[in-house]
S.K.: 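For reference, the structure I am asking about is given below.
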Amino acid sequence: MSKELKMPTKYQPQEVEAGRYEKWLEKDLFKPSGDKTKEAYSVVIPPPNVTGKLHLGHAWDTTLQDIIIRQKRMQGFDTLWLPGMDHAGIATQAKVEAKLAEEGISRYDLGREKFNETVWEWKEEYAAVIREQWAKVGISVDYGRERFTLDEGLSEAVRKVFVAMYNKDLIYRGEYIINWDPKAKTALSDIEVIHKDVEGAFYHMTYPLADGSGSVEIATTRPETMLGDTAVAVHPEDERYQHLIGKKIILPLMDIEIPIIADEYVEMDFGTGVVKITPAHDPNDFAVGNRHNLPRTNVMNPDGTMNDLTGKYTGMDRFEARKAVIKDLETQGRLVKIEKMVHSVGHSERTGVIVEPRLSTQWFVKMEPLAKEAIDLQKTEDKVNFVPERFENTYLSWMENVHDWVISRQLWWGHRIPAWFHKQTGELYVGMQAPRDSENWEQDPDVLDTWFSSALWPFSTMGWPDEDSEDFKRYFPNNTLVTGYDIIFFWVSRMIFQSLEFTGKKPFNDVLIHGLIRDEEGRKMSKSLGNGIDPMEVVDKYGADALRWFLSNGSAPGQDVRFSYDKMDASWNFINKIWNASRFALMNMEDFTVEQIDLTGNKTIADRWILTKLNKTIEKVTDLFERFEFGEANRHLYHFIWDDFCDWYIEMSKEILFNEDEEAKQTTRSVLAYVLDQTLRLLHPVMPFVTEEIWENIPHIGESLVVAEYPVVRPELSDEEATEGMDVLMELIRSVRNIRSEVNTPLSKPVELLIKTNDVKIESFLKNNTSYIERFCNPENLTISSMVRAPETAMSAVITGAEIYLPLAGLINIDEEIVRLEKELAKWSGEVKRVKGKLSNAKFVDNAPVAVVEAEKVKEKEYLEKQTLVLERIEILKTQI
RNA sequence: GGUUCCAUAGCUCAGUUGGGAGAGCACUACCUCGACAAGGUAGGGGUCGCUGGUUCGAGCCCAGUUGGGACCACCA
């Protein structure tokens with residue numbers, strides 16, 4: 001070992017990563033270069049909710065973005081990656097309320113202002129945690145531009161958008177059935193409702209006709225809502241019930257008369273064909289009610305208890321009331337049967353409680369014109385490019401069937417709706433600021449759906465509504481958005497239509513969609529299962545680089561991935577391999593400097609070969625990055641580093657570094673240093689910490705890998721002849737090893753007596769055997785066996801003499817070796833037969849592309865050659881028996 | 001009901017416009033040789049869910065089918 005190394009023999013991520021991120025920040029390397037001569041490349045982070053810590057999904061999401069941004073930065077783009085967080089209205093408010101509840105306090109005890117102050121404190125606390133986590137994962141965002149959805153500029157953008165949409169009739173206020181969360185006591189949009197199959201029941205009951213001529217049977221899953229029934233409906237063409245249409249019926253328990261109406265909404269084949277109509281508690285019934293001018297009787301309070309229109313049930317919780325209603329119906333003999341059934345019930349995404357369809361006055365966004373614009377965009381050349389493409393269908397089908405969007409929320413934490421009502425006249429005013437005589441006006445108490453502000457994120461963070469802002473002009477539209485398929489509807493779709501509406505442009509060119517991270521058993525990670533894995537624990541154990549490698553390696557785009565400690569081990573192993581290869585290079589560099597790197601010297605075939613392989617790897621990886629195929633790119637890097645560089649090139653370089661003269665060593669050191677440098681650059685976007693650490697130790701010029709140039713193909717370094725020659729050499733070596741392994745007896749020194757190469761010695765590859773030489777090798781009793789016969793061109797480049805012979809006598813069991821060779825012969829014969837069959841098929845020769853046919857001919861020749869060689873060896877061995 | 005994904009080695013998964021089935025882990029044998037034993041070398045293991053079709057040629061394209069998952073809609 002010729003050089004003292006600071007690097008330990010094992011890769012220790014904790015030591016490598018400590019302090020590195022802070023150094024990058026100190027040097028301000030993540031800031032856009034602002035170089036106007038370069039193309040801009042921008043990404044905005046999907047702002048995480050300030051509700052808590054980040055999970056593995058966030059780590060995945062940000063890692064992918066960081067890989068993209070780091071590569072683009074190295075490629076010279078003027079890159080902006082803008083960080084930020086989302087106030088996450090309902091989610092955050094629910095968390096803070098839960099925390100307050102532990103202290104026995106409700107938000108009403110504090111009042112709106114005080115409560116919001118508490119939430120701001122919470123926000124600061126969690127924002128700090130999130131920034132710490134970002135740092136640990138190593139993401140290269142520009143903190144100078146960090147934004148928060150509730151900060152001043154973004155709030156202005158929200159108000160501006162609201163007012164403009166209101167003035168364009170894209171926002172309206174009205175009384176409709178919405179999804180109501182009785183726990184959070186707020187309205188929810190359709191997509192905030194999660195439908196789950198639950199065990200419920202179908203309650204069959206009878207309503208008596210007012211004229212006493214009998215009764216009709218009705219079935220419902222929500223009997224408590226019958227207290228708000230204002231009609232009973234049948235299908236207009238239902239022959240069974242023609243005589244009932246227009247009659248009255250008595251609503252049991254309430255003892256009021258309600259009409260029997262005919263409406264095509266009723267399905268004759270379903271249930272009894274008679275439906276109770278509750279316009280205030282069901283969207284379909286609401287529509288029926290409108291057609292027939294039915295009263296809307298709302299029987300519930302905002303918290304899900306029955307209101308004072310329900311008589312004896314007043315104050316009961318809705319589920320308590322359900323039981324009571326059923327019991328009373330049974331007492332009256334009106335309960336026919338209870339049929340158990342599994343049905344789909346809406347639950348609040350945030351609080352988990354069962355959502356109540358409820359009549360309520362809310363603000364809505366009129367979706368039809370916005371959706372149309374967004375759909376039309378996808379028919380143009382300038383469409384948003386979804387990766388993988390199939391998610392465009394998901395997005396479009398949602399857009400095509402979208403309903404109006406409820407945007408008001410009965411919460412305190414969020415953007416207050418810029419609408420005021422006159423205290424006396426009730427007149428409505430919508431504007432950026434309160435009306436002048438503000439004392440006479442009262443602002444709408446509601447806030448906006450969180451997604452209303454996040455929909456503006458790609459441009460509101462860039463200075464919009466100031467369209468002359470530098471960032472907006474330079475970095476909008478964004479280039480790429482990275483997010484999970486689970487929020488295409490919530491976020492991606494809304495960014496697209498709002499961006500089109502307000503900037504006239506799509507918000508981003510590409511959307512890279514990834515899946516979810518599951519646990520090792522393939523289950524979703526969830527709090528209730530307790531199977532969540534904290535990314536920080538993974539980083540502490542394996543390092544951020546290993547986690548990033550795993551995350552970018554995990555799966556094909558758009559597919560879910562299972563977290564796996566086995567794979568984390570494999571990731572660590574790979575980095576350890578890189579680490580040790582680098583140690584080897586450094587040990588043999590003496591005081592080698594970057595100025596001494598000279599690739600024009602007398603290179604060995606191995607030198608020329610690895611430089612060629614490097615070029616191919618650069619080309620492949622660059623291409624795959626363009627298509628966001630990081631997993632495939634990683635596989636190429638892995639193979640290049642482990643198989644080509646470590647297993648072959650480093651081993652061959654030892655012959656030079658340990659034995660040759662100084663001049664030869666300098667050339668090898670140059671290649672080692674160059675290839676390592678280029679490899680570290682290629683790896684840096686994926687594993688920024690360890691690559692930077694190693695790079696600092698090897699000869700290099702530049703401040704940091706973060707801003708070092710990304711490798712490009714250098715055609716002058718490629719050498720196809722060297723590739724052919726190396727193929728021969730490698731095959732030779734493998735053949736020798738193969739014999740040894742098969743018969744479990746090592747080969748011996750005479751190998752080197754018979755193999756002469758121009759510039760590469762292969763002893764080191766067979767070195768294991770030397771200790772056996774004395775014991776097993778009897779030079780007087782040598783068997784000659786031909787091993788490899790290479791094409792003449794390659795031969796002349798590599799090996800003197802047309803054939804390689806290995807002396808095997810006394811070293812192997814000839815019978816066993818013959819058995820093994822006959823197996824091999826069968827394999828080659830099979831291949832020859834297959835290829836010959838193909839080539840003798842006129843249809844193949846006529847139809848297949850010329851290149852394919854030519855390739856088959858080459859294969860034929862190659863297989864025949866192998867077949868002959870193996871046959872020859874068998875013959876020779878047989879003479880020895 | 002609609003859309004969609006998955007089914008490839010014991011396990012987890014790749015497979016890039018159709019042209020000789022791959023990786024990691026696990027397993028077997030051997031190897032402490034001046035980067036790495038969390039390593040090296042060699043090896044075993046697959047009728048690519050099933051059935052048809054298109055094609056000279058299908059893991060890949062088409063139709064159907066089985067099983068599993070996801071999403072959307074509906075569910076009085």
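This one's a predicted model, so the numbers in the text were calculated from it and none came from an experiment. Throughout, protein chains are lettered first and strands after them, A, B, ... in sequence-line order, and every chain is numbered starting at 1.
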S.K.: Can you sort out the partners of A:Glu339 under side chain to side chain contact (heavy atoms under 4.5 Å, CB included), two or more places apart, ordered by chain and number?
M.R.: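 Expected list: A:Phe202, A:His204, A:Lys337.
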S.K.: Between A:Glu632 and A:Glu856, which is nearer to the 5' end of RNA chain B once each is assigned its nearest nucleotide?
M.R.: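 It is A:Glu632, whose closest nucleotide lies nearer the 5' terminus.
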S.K.: If I pick the C1' atom on B:U28 and the same atom on B:G44, what distance separates them, to the nearest angstrom?
M.R.: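 The same atom, C1', in both gives a distance of 7 Å.
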S.K.: With heavy atoms under 4.0 Å as the rule, sort A:Tyr11 into base, sugar-phosphate or nothing.
M.R.: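 Answer is nothing: A:Tyr11 stays at 4.0 Å or more from every strand.
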S.K.: Please identify each residue that fulfils side-chain hydrogen bond (donor to acceptor under 3.5 Å, both in side chains) with A:Arg669, with sequence neighbours left out.
M.R.: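 Counting only residues at least two positions away or on another chain, A:Arg669 forms a side-chain hydrogen bond (donor to acceptor under 3.5 Å, both in side chains) with A:Glu662, A:Gln666.
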S.K.: Under 4.0 Å between any heavy atoms, over every strand shown, what does A:Glu831 touch: base, sugar-phosphate, or nothing? Just pick one.
M.R.: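 Contact class for A:Glu831: base.
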S.K.: In a table with atom names and distances, give each donor-acceptor pair under 3.5 Å that connects a side chain of residues 483-490 of chain A to protein atoms at least two apart or in another chain.
M.R.:
unit_1   : atom_1 : unit_2   : atom_2 : d
A:Tyr485 : OH     : A:Asp560 : OD1    : 2.8
A:Tyr485 : OH     : A:Asp560 : OD2    : 3.1

S.K.: Excluding sequence neighbours, so at least two apart, what forms salt bridge (Lys or Arg N to Asp or Glu O under 4.0 Å) with A:Lys616?
M.R.: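 Result, salt bridge (Lys or Arg N to Asp or Glu O under 4.0 Å) vs A:Lys616: A:Glu720.
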S.K.: Distance check, C1' atoms only: B:G69 and B:C61, in whole angstrom units.
M.R.: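 Straight-line distance between the two C1' atoms is 24 Å.
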S.K.: For the side chain of A:Cys646, counting heavy atoms from C-beta on, which of B:G19, B:G24, B:A35 is nearest?
M.R.: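 Closest nucleotide to the A:Cys646 side chain: B:A35.
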S.K.: Taking the C1' atom of each, how far is B:G40 from B:C5, in whole Å?
M.R.: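 My reading of the C1' atoms in B:G40 and B:C5 gives 40 Å.
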S.K.: Judged by atom type as modelled, is there a donor-acceptor pair below 3.5 Å linking the side chain of A:Arg222 to the main-chain atoms of A:Glu356?
M.R.: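 No: the side chain of A:Arg222 does not pair with the backbone of A:Glu356.
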S.K.: Between B:A9 and B:C48, how many Å separate the two C1' atoms, rounded to a whole number?
M.R.: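 So the two C1' atoms sit 11 Å from each other.
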S.K.: Do the side chain of A:Arg390 and the base of B:U4 come within less than 3.5 angstrom through a donor-acceptor pair of N or O atoms?
M.R.: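 No pair found.
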S.K.: Take the protein atom CG of A:Asp566 and the nucleotide atom P of B:G24, then report the distance between them rounded to whole Å.
M.R.: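 After rounding, the reported distance stands at 14 Å.
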S.K.: What's the CG-C1' distance between A:Asn588 and B:A35, to the nearest Å?
M.R.: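 In whole Å, B:A35 C1' and A:Asn588 CG are 9 Å from each other.
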S.K.: At less than 4.0 Å, is any side-chain N or O atom of A:Trp642 found next to OP1 or OP2 of B:G39? Yes or no.
M.R.: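 False: A:Trp642 side-chain N/O out of range (4.0 Å or more) of B:G39 OP1/OP2.
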S.K.: If you measure from the P atom in B:A63 to the same atom in B:A26, how many Å do you get, rounded?
M.R.: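 Approximately 41 Å lies between the P atom of B:A63 and that of B:A26.
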S.K.: Are there runs of at least three consecutive Watson-Crick or G-U pairs touching RNA chain B, with each pair's two distances under 3.5 angstrom? Give them by first number.
M.R.: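 Stems found: B:1-7 with B:66-72, B:10-13 with B:22-25, B:27-31 with B:39-43, B:49-53 with B:61-65.
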S.K.: Rounded to whole angstroms, how far apart are CG on A:Asp647 and C1' on B:A42?
M.R.: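 Rounded to the whole Å, the gap is 13 Å.
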S.K.: Identify which nucleotide among B:A14, B:G39, B:G24 has an atom closest to any side-chain atom of A:Ala570, counting heavy atoms from C-beta outward.
M.R.: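 Nucleotide nearest to A:Ala570's side chain: B:G24.
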S.K.: How close or far is atom C1' of B:U4 from atom CD1 of A:Ile488, stated in whole angstroms?
M.R.: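 That distance rounds to 11 Å.
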S.K.: Could you tell me how far apart A:Phe584 (CZ) and B:C36 (C1') are, to the nearest whole angstrom?
M.R.: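 Those two atoms, CZ and C1', are 12 Å apart.
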S.K.: Within the structure shown, what part of the strands sits under 4.0 Å from A:Leu624 by heavy-atom distance: base, sugar-phosphate, or nothing?
M.R.: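 Answer is base: heavy atoms of A:Leu624 come under 4.0 Å of a base.
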S.K.: Summarise how protein sits on nucleotides 66-76 of chain B as a single string, 5' to 3': B when a protein heavy atom is under 4.0 Å from the base, S for sugar-phosphate-only contact, - for no contact.
M.R.: -----SS-BBB
S.K.: Going by the rule side-chain hydrogen bond (donor to acceptor under 3.5 Å, both in side chains), which residues pair with A:Asp285 if we only count those two or more places apart in sequence or in a different chain?
M.R.: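 For A:Asp285, no residue satisfies side-chain hydrogen bond (donor to acceptor under 3.5 Å, both in side chains) once neighbours in sequence are set aside.
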S.K.: Quote, to the nearest angstrom, the P distance that separates B:G24 from B:U65.
M.R.: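 Their P atoms lie roughly 39 Å apart.
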S.K.: Excluding sequence neighbours, so at least two apart, what forms side-chain hydrogen bond (donor to acceptor under 3.5 Å, both in side chains) with A:Thr691?
M.R.: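 Once residues adjacent in sequence are excluded, A:Thr691 has no partner under the side-chain hydrogen bond (donor to acceptor under 3.5 Å, both in side chains) criterion.
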S.K.: Is there a donor-acceptor contact under 3.5 Å from the side chain of A:Ser564 to the main chain of A:Asp566?
M.R.: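 Yes, because the side chain of A:Ser564 sits within donor-acceptor range (under 3.5 Å) of the backbone of A:Asp566.
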S.K.: What's the gap between B:U54 and B:U41 when it is taken at their P atoms, as a whole Å value?
M.R.: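 Nearest-Å result for B:U54 against B:U41 at atom P: 47 Å.
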S.K.: Using a 90° cut-off around 0 for syn, call B:G24 syn or anti.
M.R.: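 You should classify B:G24 as anti.
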S.K.: Please list, chain by chain and in numerical order, all residues satisfying side-chain hydrogen bond (donor to acceptor under 3.5 Å, both in side chains) with A:Tyr241, sequence neighbours excluded.
M.R.: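 For A:Tyr241, no residue satisfies side-chain hydrogen bond (donor to acceptor under 3.5 Å, both in side chains) once neighbours in sequence are set aside.
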S.K.: Using heavy-atom distances to pick each residue's nearest nucleotide on RNA chain B, tell me which of A:Asp623 and A:Trp828 is more 5'.
M.R.: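 Looking at the nearest nucleotide for each, A:Asp623 comes out on the 5' side.
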S.K.: Determine the contact category for A:Ala581: base if any of its heavy atoms lies under 4.0 Å from a base atom, sugar-phosphate if only primed atoms, P, OP1 or OP2 are that close, otherwise nothing.
M.R.: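 If one applies the 4.0 Å heavy-atom cut-off, A:Ala581 turns out to touch a base.
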S.K.: Below 3.5 Å between N/O atoms, which protein atoms pair up with nucleotides 53-58 of chain B? Just atom names and distances, please.
M.R.:
unit_1 : atom_1 : unit_2   : atom_2 : d
B:C56  : OP1    : A:Asn847 : ND2    : 3.3
B:C56  : O2'    : A:Asn841 : ND2    : 3.1

S.K.: Phosphate oxygens OP1/OP2 of B:G39: is one of them under 4.0 Å from a side-chain N or O of A:Asn573?
M.R.: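 True: A:Asn573 side-chain N/O within range (under 4.0 Å) of B:G39 OP1/OP2.
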S.K.: Measuring centre to centre across the rings, with the benzene-like ring taken for any Trp, is A:Phe550 within less than 6.0 Å of A:Tyr542?
M.R.: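 No.
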S.K.: Are the side chain of A:Asp229 and the backbone N or O of A:Ala231 linked by a donor-acceptor pair below 3.5 Å?
M.R.: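 Checking the backbone N and O of A:Ala231 against the side chain of A:Asp229, no donor-acceptor pair under 3.5 Å is found.
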S.K.: Going by salt bridge (charged side-chain N to carboxylate O under 4.0 Å, His left out), name the pairs with one or both residues in residues 834-846 of chain A, residues two or more places apart or in two chains.
M.R.: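 For residues 834-846 of chain A: A:Glu831-A:Arg834, A:Lys836-A:Glu860, A:Lys838-A:Glu856.
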S.K.: Rounding to the closest angstrom, what is the interatomic distance between B:G45 and B:A29 at atom C1'?
M.R.: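 My reading of the C1' atoms in B:G45 and B:A29 gives 15 Å.
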S.K.: Kindly write out the residues that satisfy salt bridge (Lys or Arg N to Asp or Glu O under 4.0 Å) with A:Arg322, not counting sequence neighbours, or none if the list is empty.
M.R.: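 A:Arg322: salt bridge (Lys or Arg N to Asp or Glu O under 4.0 Å) contacts with A:Glu224.
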